Amino acid sequence: MPEAAGERPRHPAVFTIPSHRSFADSLVAGLIAKHRREPLSLASGRLLLPNNRAVRSVTDAFVRASGGGLVLPRLIAVGDPELEERIGGALDPADADEPVAPAVEPLERLLALADILRADGETASEALRLAADLARTLDALLIEEVLPSRLADAVADAPELAMHWQISLDRLRAILKQWPQRLAESGTVDAAQRRNLLLRRLARRWLAEPPAGFTVAAGITTAAPAVAELVKAVAFMPDGAVVLPGLARASALSDEEWEALGPNEQGRAEETHPQFHLKLLLDRLGVARAEVRLWPRVGRAASPPLRGRAVTNAMTSARFTDKWNALNPAERRLSGIRTAELPDAAAEAQAIALALREAVETPGRTAALVTPDRTLARRVAALLARWEIQADDSAGRPLSELPAGTLLLGIAAALAEDLAPVPLLALLKHPSVGGEGDERVEWLKSVRILDLALRGPRPAPGLAGLDRHFAAKEDEGRIRGCADAWAVARPRLQWAGADDALTLAAFCDVVVSGAEALAGNDAWRGQDGRIAAQLLSELQASPEAQRMAVTAPDAVTILRQLLDDQRIRPPYGGHPRVFIWGLLEARLQQADLVVLGGLNEGSWPAAPAPDPWLAPKIRANLGLPGLEYRIGLSAHDFASALGAPQVLITRSRRDGRSPTVASRFWLRLNAMTGGLARDPRLERLALALDDPGPQQPVRRPEPCPPAEARPKSISVTQVDRLKADPFAFYASAMLRLRSIDPVDDDHTARWKGSAVHEVFEHWLGDDDCDPETLRPRALKLLADDSIHPMLRALWQPRLMEAIDWIAALERSNQGQGRRPLRAEATGKALIAGVTVDGRADRIDRMADGGLAIIDYKTGAPPTRKAVDAGFALQLGLLGLIAAADGFDGVSGPPRSHEYWSLARNKDGFGKLHRADEKMGAVEFLAHAESKFGDAARRWLTGSEPFTAKLNPAYAPYGDYDQLMRLEEWYGRR
């Protein structure tokens with residue numbers, strides 16, 4: 001640092017801390033050493049840092065280095081507009097002679113831009129998405145201080161632009177005319193513009209009258225003109241200094257390579273190079289690289305300088321990689337760096353967790369995971385928890401993934417889908433809903449009852465539809481306590497009757513009402529709850545949100561976008577020696593072991609985010625950073641992280657969808673070194689830790705309970721299952737396991753069959769099978785609110801044709817003296833020593849006094865082949881029950897056994913099929929009795945095992961396939 005205060009130094013005070021040293025710790029070590037004789041003089045100085053995260057990192061470094069009490073200098077964040085950070089209060093004095101207008105609030109700015117975009121016909125959610133991109137484009141123009149008037153010249157220099165870019169540019173020019181007027185009306189300015197004004201004013205003031213005490217600009221790498229002007233002022237101040245992170249010196253990066261980074265006369269630059277942004281900053285400072293000195297102190301966690309030069313060589317521009325051939329082995333070697341390549345992301349997370357766990361076995365040793373992949377970070381944190389190591393992801397999590405955010409999104413989704421079963425149940429089961437302790441237990445009991453009641457097709461929408469649905473379920477008697485459970489839940493859902501078209505602010509009012517009705521004060525508990533409450537209150541009070549009309553589905557998308565943008569970072573209190581950092585958090589600090597995870601293309605580096613407003617050519621003409629500029633920053637982060645004493649680099653060969661491509665950084669290191677050192681032990685441990693061992697496929701299940709434990713009664717509908725899949729019968733009849741329908745299920749064939757059977761039951765019971773009343777009853781079924789319009793459109797023509805056929809058949813039967821007796825008649829009889837019970841869809845009295853047993857089929861009737869094989873015994877067993885006078889109030893000999901099929905056939909929809917047509921009624925009943933008797937003697941009164949899928953051709957249902965672990969043995973010898 002300059003020696004004499006008050007004298008203008010001949011050379012700028014610009015330093016660098018090499019990447020093989022910990023930046024924050026080295027910076028702090030140098031400052032403490034300089035002020036060791038007068039520790040209180042530290043308090044008279046100031047440190048300018050790039051953002052609030054850097055302030056936190058340097059504060060931690062001071063704590064580590066102090067060894068006791070220490071008065072810190074003022075740590076001031078310059079502020080990063082891309083992180084929506086404001087400039088530090090020390091740089092924005094309230095008593096300034098020329099106060100600068102306040103910055104527009106980020107949320108209000110986003111909504112205002114969306115309002116402008118909606119004038120072109122965009123939906124609210126699409127306008128907000130485009131507004132976020134537009135805000136980033138405006139910030140880029142403001143940060144680089146590009147005047148809107150230059151846009152026309154930039155377009156003139158790019159006549160080959162495609163039509164869609166021309167349209168985007170026309171819209172952008174129109175917006176750039178409207179936006180300043182909007183800001184003027186509100187008396188605000190953009191935050192980036194305000195930062196420019198404040199930084200330039202401060203630079204002029206400090207040059208004219210330097211502040212008392214030292215001033216150090218540390219870790220600032222952005223080359224934005226206003227920031228560069230302030231940093232330049234600090235560099236030339238009497239007691240000022242600039243400290244850059246990881247600047248490559250001439251010993252590692254030759255002058256030829258340095259100058260080739262650009263930008264050259266044609267404006268071309270190596271933006272993806274890790275040193276480009278530093279070169280750009282030095283150019284704007286007017287400082288040559290040779291004038292940059294080495295910071296005099298080394299902090300903890302330093303690695304050999306030789307490794308830093310090797311890393312710089314590995315990251316050199318592509319056209320200079322031929323120099324690798326001239327490097328001797330020592331200059332290529334990356335000692336202390338090892339790699340682990342795992343088959344998938346789960347194994348990679350396991351390997352990283354093991355490495356971190358092993359590192360902290362050594363007392364005092366620190367370990368950190370650095371990754372841009374937040375999913376990988378969360379996986380590692382979860383795996384570390386198995387060893388009671390709490391290592392929260394310091395990059396934070398989106399509010400939309402935390403309890404307060406998921407509650408708000410659940411309420412919004414329930415509103416948008418009008419209390420459809422899936423969002424409703426997800427909301428009622430939310431951990432914040434229902435209270436705590438015993439109150440929560442009772443609440444969940446009620447919700448589980450509602451869960452069972454909502455299985456199957458979706459009920460009619462809204463509270464009224466749910467009222468009818470649960471009342472019907474209670475009347476059916478199948479789900480006990482349904483009405484009581486709904487009475488518990490319904491009072492907390494009164495907010496759900498909102499209109500479809502609301503303003504965004506009004507929608508937020510409904511969401512707040514829902515949150516308080518469901519969760520009370522628990523909705524706003526914790527850091528995530530406070531941030532969620534603040535976001536909603538801002539939306540409720542926002543004039544733009546009060547004007548923005550939205551539909552409920554649009555509002556859900558908007559709310560999710562706003563919650564995604566809010567990142568909640570964990571408070572202090574995790575493990576003191578294990579850390580998980582994002583790239584920003586890792587920039588100024590290191591650990592003894594650093595794990596660089598997720599080294600795949602698209603993750604590290606991330607794919608460039610497209611700019612829908614400015615074409616790449618236009619950005620270049622305007623002098624804006626290219627879309628690949630961030631790859632250079634990511635490369636610098638990677639090179640800096642390689643400076644830790646021990647480094648582990650990991651990647652997975654597959655992600656959740658497809659094979660991955662190794663990161664270009666990974667490939668460069670391997671290409672220069674001839675292959676980095678692998679860590680096969682760690683790879684083996686990661687795969688072996690949760691390895692269940694060799695698979696042992698089970699054999700086909702054959703449970704064989706004793707004869708006295710076997711059921712002595714059976715339903716006629718279960719007989720085919722007993723013969724085709726005895727294990728399924730065993731699971732149903734003996735284990736009493738029942739499959740339940742999915743929530744919000746489609747209208748399945750079984751549902752259609754039950755609905756049509758109910759129509760026929762009431763047709764006989766209420767109308768005595770009057771052919772003229774059947775069609776109106778069917779139309780009433782189709783008019784039910786719970787039937788989806790698409791299903792109604794597809795099913796109605798087929799059903800009505802079949803219904804008309806049934807009515808015509810009924811007229812014919814009644815004309816021949818046949819009369820209906822009973823519908824849905826239940827009965828039972830003792831057959832082969834077993835009680836057989838069943839329900840006949842319909843029983844008719846024929847003209848000769850005999851009985852006709854009828855089974856309605858919405859599908860095709862059983863084939864002759866199935867009957868001959870001993871299956872499809874239902875109709876025959878019902879005839880045997882009738883022959884034994886097993887149906888109350890029905891007597892007489894069975895003379896006809898009929899299927900009335902509504903399925904399509906060559907003549908249309910609807911066909912009569914007599915099951916006993918070829919063998920006659922008597923022989924048909926004898927056949928059914930013989931086949932059933934054989935099955936009863938084998939499985940019900942005998943001791944034959946219940947073998948799974950004994951006759952798979954006649955076992956089409958898979959309710960118990962998972963229980964029998966079908967895939968493990970079916971088809972194996």
Side-chain angles (χ1 to χ4, degrees), residues 16 19 50 80-83 133 136-137 139-146 150 154 157-158 165 192 219-228 231 244-248 252-285 287 289 311-321 372 583-584 587 599 601-642 663-668:
T16 183
S19 59
D80 189 343
E82 294 185 1
L83 300 177
D133 292 325
R136 285 188 285 271
T137 300
D139 284 340
L141 294 171
L142 291 169
I143 290 170
E144 291 297 323
E145 300 181 356
V146 175
R150 288 183 54 193
D157 293 339
W165 283 121
I220 297 174
T221 59
T222 177
V227 176
V231 172
L244 301 176
L247 178 69
L253 193 71
S254 68
D255 290 338
E256 182 185 5
E257 293 175 75
W258 177 259
E259 294 302 326
L261 296 180
N264 58 23
E265 295 177 356
Q266 291 77 32
R268 295 177 182 174
E270 291 274 356
E271 291 187 331
T272 59
H273 194 282
Q275 294 292 313
F276 171 75
H277 61 293
L278 293 174
K279 182 179 186 300
L280 185 61
L281 176 59
L282 287 177
D283 289 346
R284 290 183 174 178
L285 295 181
V287 175
R289 183 175 59 153
V311 171
T312 302
N313 285 327
M315 304 299 285
T316 192
S317 300
R319 52 180 161 161
F320 293 104
T321 53
L583 299 188
L584 285 173
R587 278 181 184 170
L599 261 292
E601 283 294 308
S603 176
W604 199 344
D611 182 350
W613 294 98
L614 291 176
K617 178 65 175 176
I618 298 298
R619 292 182 68 94
N621 291 346
L622 291 172
L624 296 177
L627 296 179
E628 294 190 335
Y629 179 77
R630 291 196 168 280
I631 295 179
L633 297 178
S634 184
H636 189 265
D637 294 334
F638 178 73
S640 299
L642 291 175
S663 166
R664 65 191 72 183
F665 307 149
W666 172 288
L667 296 175
R668 275 179 166 271

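All heavy atoms count here, side chains included; hydrogens, waters and symmetry mates do not. Since we're looking at a predicted model, the values are computed, not measured.
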If we only count heavy atoms from C-beta on, is the Leu642 to Ser19 side-chain gap below 4.5 Å? no
Report the residues that fulfil salt bridge (Lys or Arg N to Asp or Glu O under 4.0 Å) with Arg668, sequence neighbours left out, ordered by chain and then residue number. none
Do you know which two heavy atoms are closest between Ala192 and Leu142, and how far apart they sit? CB-CB, 3.9 Å
Side-chain heavy atoms of Arg587 within contact of Pro245, under 4.5 Å: no
Closest non-hydrogen contact found for Pro372 with Ser603 is CG-O, 3.1 Å
Not counting sequence neighbours, list each pair that qualifies as a salt bridge (charged side-chain N to carboxylate O under 4.0 Å, His left out) and has a residue in residues 255-264. Asp255-Arg289, Glu257-Lys323
Check against side-chain contact (heavy atoms from CB on, under 4.5 Å), Leu247 and Leu282: CA-CA 10 Å; Leu247 178 69; Leu282 287 177; 4.0 Å; yes
Inter-residue atom distance Phe276.CZ - Leu633.CG, 0.5 Å rounding: 10.0 Å
Tell me every residue that passes salt bridge (Lys or Arg N to Asp or Glu O under 4.0 Å) with Arg136, counting only those two or more places apart in sequence or in another chain. Asp133
Does any part of the side chain of Ser663, heavy atoms only, come nearer than 4.5 Å to the side chain of Pro605, both counted from C-beta? yes
Using the test salt bridge (Lys or Arg N to Asp or Glu O under 4.0 Å), find all partners of Glu271 that sit at least two apart in sequence or belong to another chain. none
With sequence neighbours left out, the residues meeting ring pair (Phe, Tyr, Trp, His ring centres under 6.0 Å) with Phe638 are Trp604, Phe665
How would you list, by chain and number, every residue that makes a salt bridge (Lys or Arg N to Asp or Glu O under 4.0 Å) with Glu145, sequence neighbours excluded? Arg200
Mind checking side chain to side chain donor-acceptor pair (under 3.5 Å) for Glu144 and listing every partner two or more places apart, or none if nothing turns up? Arg284
Ring pair (Phe, Tyr, Trp, His ring centres under 6.0 Å) involving His273 - partner list, sequence neighbours excluded: none
For Ala318, does its backbone N or O pair with a side-chain atom of Thr321 as donor and acceptor, under 3.5 Å? yes
Between Ile143 and Ala224, what is the shortest heavy-atom contact and its length? CG2-CB, 3.4 Å
Tell me the closest heavy-atom pair linking Pro50 and Ile220, and the distance in Å. N-CG1, 4.0 Å
Donor-acceptor under 3.5 Å (Glu270 side chain, Ser317 main chain): no
All side chain to side chain contact (heavy atoms under 4.5 Å, CB included) counterparts of Ala248, not counting sequence neighbours: Leu253, Gln275, Thr312
Side-chain donor/acceptor pairs under 3.5 Å, residues 606-624, sequence neighbours excluded:
residue: Asp611; atom: OD1; partner: Thr137; partner atom: OG1; Å: 3.0
residue: Asp611; atom: OD1; partner: Trp613; partner atom: N; Å: 2.9
residue: Asp611; atom: OD1; partner: Leu614; partner atom: N; Å: 3.4
residue: Asp611; atom: OD2; partner: Thr137; partner atom: OG1; Å: 3.4
residue: Asp611; atom: OD2; partner: Arg619; partner atom: NH1; Å: 2.8
residue: Arg619; atom: NE; partner: Pro625; partner atom: O; Å: 3.1
residue: Arg619; atom: NH2; partner: Pro625; partner atom: O; Å: 2.8
residue: Asn621; atom: ND2; partner: Ala154; partner atom: O; Å: 3.1

To the nearest 0.5 Å, how far apart are CD1 in Ile631 and OG1 in Thr272? 6.5 Å
Lys279 side-chain N/O to Leu261 backbone N/O, donor-acceptor pair under 3.5 Å: no
What pair of heavy atoms forms the shortest contact from Pro263 to Ala269, and how long is it? CA-CB, 3.9 Å
